[in-house]
Q: 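Can you keep this structure in mind? I'll have questions shortly.
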Amino acid sequence: MSDQIRVRFAPSPTGYLHVGGARTAIYNWAFARAHGGKFLLRIEDTDAQRSTPENTQQILRSLAWLGLDWDEGPTLDGSSRGDFGPYLQTERAELYEREFKKLQDAGLVYPEGDSAAWRFDVRRAWPERTIEFDDLVFGHIVVERDQVEDFIIKRSDGSPIYHFAVVVDDANMLISHVIRGDDHLSNTPKQIVLYRALGYRIPEFAHLSMILGDDGKRLSKRHGATSVEAYRGEGYLPEAMVNYLALLGWAPDGKTTLFARETLAAKFKLDHVSKNPATFDAKKLNWVNQQYIKQMGASAFVDAWWPYLIKAADAEDWQLPDPSARREWYEAMYALVCERIDTLAEAAPKLAYFFSGDHLAMDERSVQKVLRGGGGDNAAANAAAAKNALEAQKAALAALGSADWTLEPITAALDDALAKLALKPKLFWQPLRVAVCGNMVSPPLNESIALLDRVLVLTRIERALQLVD
RNA sequence: GGUCCCGUGGUCUAGCGGUUAGGACGUCGCCCUUUCAAGGCGGAGAUACGAGUUCGAUUCUCGUCGGGACUACCA
């Protein structure tokens with residue numbers, strides 16, 4: 001008769017953790033944290049055919065990455081914590097067997113045909129006409145008992161079927177609130193009958209609407225990335241992921257869209273969870289992620305970015321300067337890209353010119369349009385202007401010593417060159433941009449030059465000059 | 001087919017009988033500008049439909065339409 005709030009996330013390891021499951025986990029976690037309760041994790045692996053330990057590991061990793069710490073359940077190192085274990089259903093066979101005996105002794109089960117499977121007798125267990133319950137999200141639900149058919153609770157091989165195992169486990173783990181996907185809403189009456197038949201107290205239920213793809217259909221692999229692991233791989237931040245997913249069906253108020261995990265953990269309530277299914281909007285996720293990147297700061301950025309940079313370096317064959325010796329150099333890049341990327345994985349391609357050394361890739365379109373004047377009427381004149389600009393820039397920068405190779409002197413020297421040439425700013429800066437960054441679209445130019453090696457910059461300008469002719 | 005559930009702009013939502021129906025993403029336009037962004041300002045855009053109840057419905061009831069879930073020795 002404890003009033004302790006205990007909730008659980010109970011995934012089945014038949015696949016990775018997808019965003020729908022992640023949101024269910026987030027709501028369970030937030031509910032527990034907001035009400036001073038416990039959040040537990042249980043692995044529903046009774047389907048021996050499709051469950052794998054690898055999937056279990058990946059699910060645990062994804063949850064940990066999201067920052068959803070659980071009070072009880074299996075841990076990443078293969079053990080577990082909590083007093084209500086084991087937390088893997090395949091290790092709870094004894095309990096199921098014992099509880100099954102209770103139903104058998106009460107005459108509430110009968111064999112399925114002439115197999116060794118057993119079916120639960122709903123009518124004998126529940127004489128009343130209707131089965132009712134109050135769902136914390138969906139409200140009062142009434143179902144005619146005759147709409148509920150007898151169902152298998154034990155397979156021929158002796159293992160329990162879902163409906164039986166969840167009820168036994170939730171009751172024995174003293175779960176107070178069952179918060180899960182609404183694909184279980186229709187199954188809840190069955191489970192309520194089971195609860196009473198086994199003499200358990202019936203918990204509160206809260207069902208969560210599904211998450212849909214942009215075509216209005218249930219989110220699936222067809223819609224691209226759906227696994228939490230995949231989003232992690234693309235460079236989404238766990239904080240952004242939690243924030244965005246929490247927004248799919250819940251809002252702290254009518255105005256706030258950005259909130260920390262801690263705010264969720266303090267303010268989350270079930271009575272404001274939406275009943276309608278939410279469509280997953282990748283564009284909004286990108287925006288949320290960018291907001292987090294913009295506020296994370298240079299140091300945190302470099303830490304988070306590093307694995308993605310290494311991956312890009314491997315693919316592009318870049319030699320990365322020693323991160324401990326050149327920490328400031330890497331951190332300086334944050335200001336150059338933080339407003340230009342949605343994900344961490346997008347940073348390296350935008351900053352490629354810092355890492356490609358003598359092998360800077362020149363974007364073909366940029367070379368044609370900017371260095372060679374494009375195909376228009378002014379092509380020849382523009383190409384000539386580009387040549388003049390590059391020569392002036394080369395001279396201006398060459399005149400700077402290594403000691404002056406910082407933003408202010410560089411900017412002053414270039415501004416001075418521009419003033420002398422009296423060119424349209426665009427015709428002056430774009431050739432230099434292409435020469436140094438390899439592309440007519442890039443992060444801030446002067447700041448980039450200041451971060452690049454002096455000789456390398458001069459070499460690149462020289463190379464661009466050759467491309468003009 | 002049966003049962004249950006859902007229905008505010010393109011998307012996520014606020015609203016809980018009386019509002020010029022609010023915010024965010026996206027979108028469009030303008031400003032800023034050394035490219036791209038970021039930022040600022042502004043615009044378009046919603047209560048699925050039809051009956052009730054009520055002095056008054058986005059809000060309560062019913063029906064229609066549309067969508068979803070369940071109906072497995074999957075969870």
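By convention in this document, chain letters (A, B, ...) are assigned in the order of the sequence lines, proteins followed by strands, and residues within each chain are numbered from 1. Bear in mind that the values here come from a model prediction, so they are computed numbers and not experimental data.
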Q: Atom CZ of A:F268 and atom CZ of A:R261: how far apart are they, to the nearest 0.5 Å?
A: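 Reported to 0.5 Å precision, the distance equals 15.5 Å.
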Q: Does a side chain donor of either A:D121 or A:Y110 reach within less than 3.5 Å of an acceptor in the other side chain?
A: no
Q: What nucleic acid atoms does A:E149 come within less than 4.0 Å of, heavy atoms only: base, sugar-phosphate, or nothing?
A: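 Counting heavy atoms under 4.0 Å across all strands, the contact made by A:E149 is with sugar-phosphate only.
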Q: Does A:D47 reach a base, just sugar-phosphate, or nothing at all? Heavy atoms under 4.0 Å.
A: sugar-phosphate
Q: Base, sugar-phosphate, or nothing: which does A:S12 touch, judged by heavy atoms less than 4.0 Å apart?
A: sugar-phosphate
Q: Compare the minimum distances between each of B:rC5, B:rG23, B:rC36 and the side chain of A:V441, then state the nucleotide with the smallest one.
A: B:rC36
Q: For A:S209 and A:P444, find the nucleotide of RNA chain B closest to each by heavy atoms; which residue's nucleotide sits nearer the 5' end?
A: A:S209
Q: Applying a 4.0 Å non-hydrogen cut-off, can you work out what A:S115 is touching in the nucleic acid: base, sugar-phosphate, or nothing?
A: base
Q: So for A:N187 and B:rU71, does any side-chain atom that can act as donor or acceptor lie under 3.5 Å from a complementary atom in the base?
A: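 Side chain to base: no pair below 3.5 Å.
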Q: Base, sugar-phosphate, or nothing: which does A:A117 touch, judged by heavy atoms less than 4.0 Å apart?
A: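 Since a base atom lies under 4.0 Å of A:A117, the category is base.
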Q: Using the C1' atom as the reference point in each nucleotide, state the distance between B:rU58 and B:rA37 in Å, no decimals.
A: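 B:rU58 and B:rA37 have their C1' atoms separated by 39 Å.
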Q: Searching all strands shown, indicate the nucleotide that pairs with B:rG2 (Watson-Crick or G-U wobble; both distances under 3.5 Å).
A: B:rC70
Q: What nucleotide, of B:rU11, B:rA75, B:rC5, holds the atom closest to the side chain of A:L185?
A: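 Nearest listed nucleotide: B:rC5.
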Q: Nearest whole angstrom, please: distance from the P of B:rG68 to the CG of A:L219.
A: 14 Å
Q: Looking at B:rA69, B:rU71, B:rC12, which one has an atom nearest to any side-chain atom of A:K190?
A: B:rU71
Q: When all nucleic acid strands are considered with a 4.0 Å heavy-atom cut-off, which category describes A:T257: base, sugar-phosphate, or nothing?
A: sugar-phosphate
Q: For a quick test of reading the model: is some side-chain N or O of A:H272 closer than 4.0 Å to OP1 or OP2 of B:rG15?
A: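 Checking B:rG15 against A:H272, a side-chain N or O does come within under 4.0 Å of OP1 or OP2.
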Q: Both distances under 3.5 Å, Watson-Crick or G-U wobble: report the partner of B:rC25, or none.
A: B:rG10
Q: Taking the side chain as every heavy atom from C-beta outward, state whether A:D281 and A:Y244 have any atom pair closer than 4.5 Å.
A: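 In short, these two side chains touch, coming nearer than 4.5 Å.
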Q: Do A:R42 and A:D170 pass the salt bridge (charged side-chain N to carboxylate O under 4.0 Å, His left out) test, and can you show the C-alpha distance, the side-chain angles, and the key distance before you say yes or no?
A: CA-CA 10 Å; A:R42 183 178 69 231; A:D170 283 340; 2.8 Å; yes
Q: Work out how far the C1' atom of B:rU8 is from that of B:rU19, and round it to whole angstrom.
A: 14 Å
Q: Calculate the interatomic distance between A:R50 atom CZ and B:rA75 atom P; express it in whole Å.
A: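 Between P of B:rA75 and CZ of A:R50: 7 Å.
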Q: Can you identify which nucleotide, out of B:rA38, B:rA69, B:rU35, has its nearest atom closest to the A:S442 side chain?
A: B:rU35
Q: A:K284 side chain: which of B:rC25, B:rU71, B:rG39 is closest?
A: B:rC25
Q: Between B:rC4 atom C1' and A:D135 atom CG, what is the distance in whole Å?
A: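 Rounding to the nearest Å, CG of A:D135 and C1' of B:rC4 are 12 Å apart.
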Q: Is any side-chain heavy atom of A:K294 closer than 4.5 Å to a side-chain heavy atom of A:Q290?
A: yes
Q: Taking any strand in view, what nucleotide pairs with B:rG63 in a Watson-Crick or G-U wobble way, both distances under 3.5 Å?
A: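 B:rG63 is paired, partner B:rC49.
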Q: Can you tell which of B:rG39, B:rU34, B:rG26 lies closest to the side chain of A:P425?
A: B:rU34
Q: Go through B:rA75, B:rG23, B:rC70 for me and flag the one nearest to the A:K255 side chain.
A: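 In terms of side-chain proximity for A:K255, the closest of B:rA75, B:rG23, B:rC70 is B:rG23.
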Q: So what does A:K350 hit on the nucleic acid, given a heavy-atom distance under 4.0 Å: a base, only sugar-phosphate, or nothing?
A: nothing
Q: Which comes earlier along RNA chain B counting from the 5' end, the contact point of A:S186 or that of A:Q147, where each point is its nearest nucleotide?
A: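 That would be A:Q147.
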Q: Would you call the rings of A:F259 and A:W250 parallel, tilted or perpendicular if under 30° counts as parallel and over 60° as perpendicular?
A: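 A:F259 vs A:W250 ring planes: perpendicular.
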Q: Which whole-number value in Å describes the distance from A:N55 CG to B:rC74 C1'?
A: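 Spelled out: CG on A:N55 to C1' on B:rC74 is 14 Å.
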Q: Which nucleotide sits closest to the side chain of A:K217: B:rU13, B:rG39, B:rG68?
A: B:rG68
Q: Side-chain N or O of A:R433 versus OP1/OP2 of B:rC36: is the shortest distance under 4.0 Å?
A: no
Q: In the structure shown, which nucleotide is the Watson-Crick or G-U wobble counterpart of B:rU20, with both distances under 3.5 Å?
A: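 Its partner: none found.
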